[in-house]
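Inspection log for the structure reproduced underneath, given as structure tokens.
Any value given below was found using the heavy atoms of this structure, including those in side chains, with hydrogens, waters and symmetry copies removed. Order of appearance sets the numbers: ligands from 1, and atoms from 1 within every ligand.
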Amino acid sequence: MRRPFVAGNWKMTQTLASAVELALGVAEGARPFVGTVDVAVGPPFVYLAAVKQVLGDSGVTLAAQNAYFEEPGAFTGETALEMLTDVGCRWVILGHSERRHVLGETDELINRKVRAALTKGLGVILCVGELLEEREAGQTEAVLDRQMAGGLADVSDGQIGEVVVAYEPVWAIGTGQTASPEQAESAHAHLRNWLQARYNPQVAEVTRIQYGGSVKPANAVELLAQPNVDGALVGGASLKAETFVPIIEAAAGQ
Ligand code: PEP
């Protein structure tokens, strides 16, 4: 039985005051559900410490939206993994489509970050997903295979337990256009088969695969009811406790 995991990606939004207020609302709203659902929020780097303080012992964990793989040193503008653990991060989101397609991150770079994060004791939320033109060309599964093989290269059987996969079709992120429950289930089942072939049946059975792409309270129940959908990575709807908490509640009900 996989424990559902709902994470909020706040992207490049918020002020210090609004981040604190949002964290307070999530911590309060998630309280009845943290016994059955893992919940995380991912604020921008500059608000991580303040948000961590607000989350306190609520059971809601902290995720960073990115990291650099190198040890602390002369890498102007980058953030080391040690800094993330230092401020209380439990997770780091890697390979998000905006980093792949806006910032030009490759599978190779993402893999270096994944391996470094796992070595430093952070859990990884590895995002994968196809572009609309790739889906229309029937390449969805090939793209997922390539991103999984690239992102998880040299990640051992012993390390994969700290990886959560997020299936995020790029055409559904921030567009209001959600994958149908059938489309999501089909991609998730494919990813689980990939894990079975690359690792083993046990890894495939226990690894959580989140769905991400315009998840909101109105579609969460149906998406989360799919047998291979183990939670959600939520962007827009995670920016208000009133829309994020019902998604957590939907996950608790599965
Ligand atoms: C995301 O940023 O990972 C995401 C899924 O965004 P949205 O929920 O807004 O589509």
Taking the side chain as every heavy atom from C-beta outward, state whether Val6 and Asp38 have any atom pair closer than 4.5 Å. no
One pair per line, please: each N/O atom of ligand 1 matched with every protein N/O atom under 3.5 Å away, atom names first, then the distance to 0.1 Å.
| from | atom 1 | to | atom 2 | distance (Å) |
| --- | --- | --- | --- | --- |
| ligand 1 | 2 (O) | Asn9 | ND2 | 3.1 |
| ligand 1 | 2 (O) | Lys11 | NZ | 2.7 |
| ligand 1 | 2 (O) | His96 | NE2 | 3.0 |
| ligand 1 | 3 (O) | His96 | NE2 | 2.9 |
| ligand 1 | 3 (O) | Glu168 | OE1 | 3.0 |
| ligand 1 | 3 (O) | Glu168 | OE2 | 2.7 |
| ligand 1 | 6 (O) | Lys11 | NZ | 3.4 |
| ligand 1 | 6 (O) | Gly235 | N | 3.4 |
| ligand 1 | 8 (O) | Ser214 | N | 3.4 |
| ligand 1 | 8 (O) | Gly235 | N | 2.8 |
| ligand 1 | 9 (O) | Gly236 | N | 2.8 |
| ligand 1 | 10 (O) | Gly174 | N | 2.6 |
| ligand 1 | 10 (O) | Ser214 | N | 2.7 |

Is the shortest side-chain N to carboxylate O distance from Arg192 to Asp230 below 4.0 Å? yes
Salt-bridge contact Arg2-Glu205 (side-chain N to carboxylate O under 4.0 Å): yes
Please walk me through it: do Val87 and Lys52 pass side chain to side chain contact (heavy atoms under 4.5 Å, CB included)? CA-CA 7 Å; Val87 296; Lys52 175 66 185 171; 5.8 Å; no
The salt bridge (charged side-chain N to carboxylate O under 4.0 Å, His left out) partners of Glu130 (sequence neighbours excluded) come to Arg135
The single option from Arg208, Glu185, His188 that satisfies side-chain hydrogen bond (donor to acceptor under 3.5 Å, both in side chains) with Asn228 is Glu185
